[in-house]
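Every number for a ligand or one of its atoms is a count from 1 in the order of the listing. All values below were derived from every heavy atom in this structure, side-chain atoms included, with hydrogens, water molecules and symmetry-related copies excluded.
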Amino acid sequence: MLVQPIDYFLVVWFVLAIASTLYVAVDQYRNNPEPVVMKWGFILVTLYMGPIGLLLYVLADKEPRPGEHEAFIKPLWKQGIGSTIHCVAGDATGIILAAAITAWLGLPMWIDLIAEYLAGFGFGLFIFQSLFMQSMLGGTYWENVRRSLLPEFISMNFMMAGMAPVMSFLMMGRDMRAMEPTELVFWGVMSLGVIAGFILAYPSNVWMVARKLKHGLMTERPPESGPGTMSGHGDHATDQDKMPAQPHSKHEGHGAGAGDDRKHAQYDEHGAKPSGHGGHAMSTDATTPQLAAVGGISVLALALGMVAPANWLNMTLSARAVGGAIMPRGMIMDRDTPAEAMRDMAAAHPRNMTASFDLGVRGDQELPYRLEGGVKVFELRPSQVRWQILPNVAVDAYAYNNQVPGPRIRIRQGDRVRINVTNGLPEETTVHWHGLILPNQMDGPAEITQDPIRPGGSYAYEFTATQHGTYFYHPHAKPDRTQALGLYGALIIDPSNPSDEIAADHDYVIQLQEWLKREGLTYPAMPMEGGFPNYFTINGKAYPSTDTIRMKVGETLKVRFIGTNNGFIHPMHIHGGPFEVVARDGETIPPSARFLADTINVGPGQRYDVVWKAQRPGKWLIHCHIPHHTTNNNVEQRGGGGLMVVIDVQ
Ligand SMILES: [Cu+2]
């Protein structure tokens with residue numbers, strides 16, 4: 001799913017990669033006179049390295065004009081590229097296959113890397129070098145394995161030394177979609193890894209070609225197209241020892257400047273058949289100390305590339321544990337950070353949103369019920385929706401019944417209620433009835449009083465409301481994630497004795513919330529590194545999209561503040577004169593203890609009922625007194641933002 005700028009870049013990249021690969025494939029088979037194994041080497045490497053593979057092909061290998069391939073490929077730097085190409089083609093194929101399989105199996109990153117090394121080495125050595133090159137080198141398969149072992153080992157070590165840290169850091173970076181083979185970024189990381197591996201393996205390949213440890217580029221012409229093809233020649237070379245210079249079947253250029261003093265393998269007109277024993281076997285002039293030094297450094301580089309990332313990354317993470325998670329900028333993720341912590345702070349994934357609602361849709365709608373044998377039965381269903389909080393800002397929210405805040409449950413003291421909760425979220429949930437006296441089994445804490453409700457599962461909460469006042473409900477399974485993403489709703493219980501109600505002309509509920517929305521993604525806001533919110537809502541909307549309360553001079557307004565938010569104490573202030581604090585946490589304050597104030601600190605979980613009297617006409621504000629909380633992404637719009645509501649008094 002295209003959710004980040006990198007996704008669009010990668011679409012372009014892979015379109016270019018496929019186009020480049022098609023070009024190289026067609027050109028190799030139509031025009032370029034080289035052995036089949038090298039044709040495929042360039043095709044595969046172009047698939048992995050995209051336009052860079054194409055660049056290498058055109059600069060180092062593609063015959064510039066008919067008949068020039070032999071001379072064109074002679075320079076050592078080109079021979080080194082050829083040698084690296086067929087190492088990388090084999091190794092990278094093994095590595096990528098292993099990466100996809102280990103991700104699918106859910107194995108941790110450290111096993112992933114080891115499997116990739118073994119698969120890359122195995123694929124490179126046993127298939128690409130020994131099997132495919134057998135036609136070049138002659139000899140038996142196992143002779144080739146033995147001969148290729150050391151050069152392949154050195155090259156593979158450097159290749160993996162480049163590829164492993166790129167994969168480790170990028171797959172387990174902020175965007176851990178990179179661990180999922182179903183995501184484009186996974187393939188982007190593989191491509192970048194192959195490029196890094198190529199760069200690191202190249203110098204050793206140049207040296208190995210120069211020392212005749214490895215083959216570089218070669219020319220192989222079918223008889224019809226060879227530059228020296230003479231008309232009328234109908235015979236074909238069958239024995240290189242007898243016919244070393246067959247004019248229409250050349251095959252040369254293996255190793256820096258060494259092509260002319262060695263025998264040329266001969267090929268029949270079908271191109272790739274070994275024509276005799278011995279083939280292109282070379283004898284190296286590298287000394288044992290040289291080999292030991294280069295080999296040793298390659299092992300050191302490999303160890304560094306494989307192990308060093310473990311200083312910063314938790315290498316025990318697997319694609320199954322964290323794959324797909326996109327982490328907020330600024331979150332501290334170190335080698336000890338567990339997968340659970342990452343999942344907890346990850347963005348709500350845009351692909352999971354089941355519905356989208358525009359600015360006009362409001363939350364906190366009174367929830368209808370049906371009566372079953374005297375029990376008021378309510379239905380609650382949490383799911384993921386895109387919820388508009390400002391004209392141009394939508395959050396990917398967790399919502400009860402497609403509302404943020406969730407629907408208002410309004411009951412009367414003494415009511416018997418049953419609330420059926422069906423989990424439409426991709427993770428476990430429960431519901432806690434905050435502040436209520438009820439049977440312990442109905443209280444909601446996951447793992448403590450009940451098993452969490454699994455995705456698709458349900459649970460019936462049933463109790464009798466013995467209290468009255470302002471309450472709320474919220475999840476008690478990972479509330480730091482799921483409540484922060486929008487799961488909360490008001491629970492208003494009217495007193496059975498109407499005279500217990502502190503009456504006012506208007507009644508307005510304020511549910512507070514903090515949001516973290518960046519780069520198109522919504523993260524659960526938390527008071528920790530990387531988790532600080534940048535949007536704030538009252539009843540699911542940020543000012544200027546919040547409600548306006550309309551009343552007349554002399555009328556009273558009861559505001560029920562509910563700390564439905566997770567992270568901050570919000571000092572809620574009303575302009576235009578003091579209010580009287582009449583209830584706290586659902587409990588009515590006795591008249592003698594009620595007090596006047598103009599600011600009240602509403603902490604998470606707290607409720608305050610206050611009664612404010614409109615004394616003068618005009619626009620009077622209710623707002624949080626932390627000015628940052630009255631901005632939208634730190635911007636003041638039309639005089640404010642976030643936690644702000646206007647009381648319009650006529
Ligand atoms: Cu505040």
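- Aromatic ring centres of H575 and H623 lie closer together than 6.0 Å.
- Between F536 and H629, the ring center distance clears the sub-6.0 Å criterion.
- The Cu ion (ligand 1) has no N, O or S atom of H628 inside 2.8 Å of it.
- You'll find the ring centres of F378 and Y369 inside the 6.0 Å limit.
- Ring centroid separation for the pair Y461 and Y459 comes in under the 6.0 Å cut-off.
- Seen from the Cu ion (ligand 1), atom ND1 of H570 and atom ND1 of H629 lie 90° apart in angle, a value rounded to 10°.
- Contact annotation: C624 places an N, O or S atom under 2.8 Å from the Cu ion (ligand 1).
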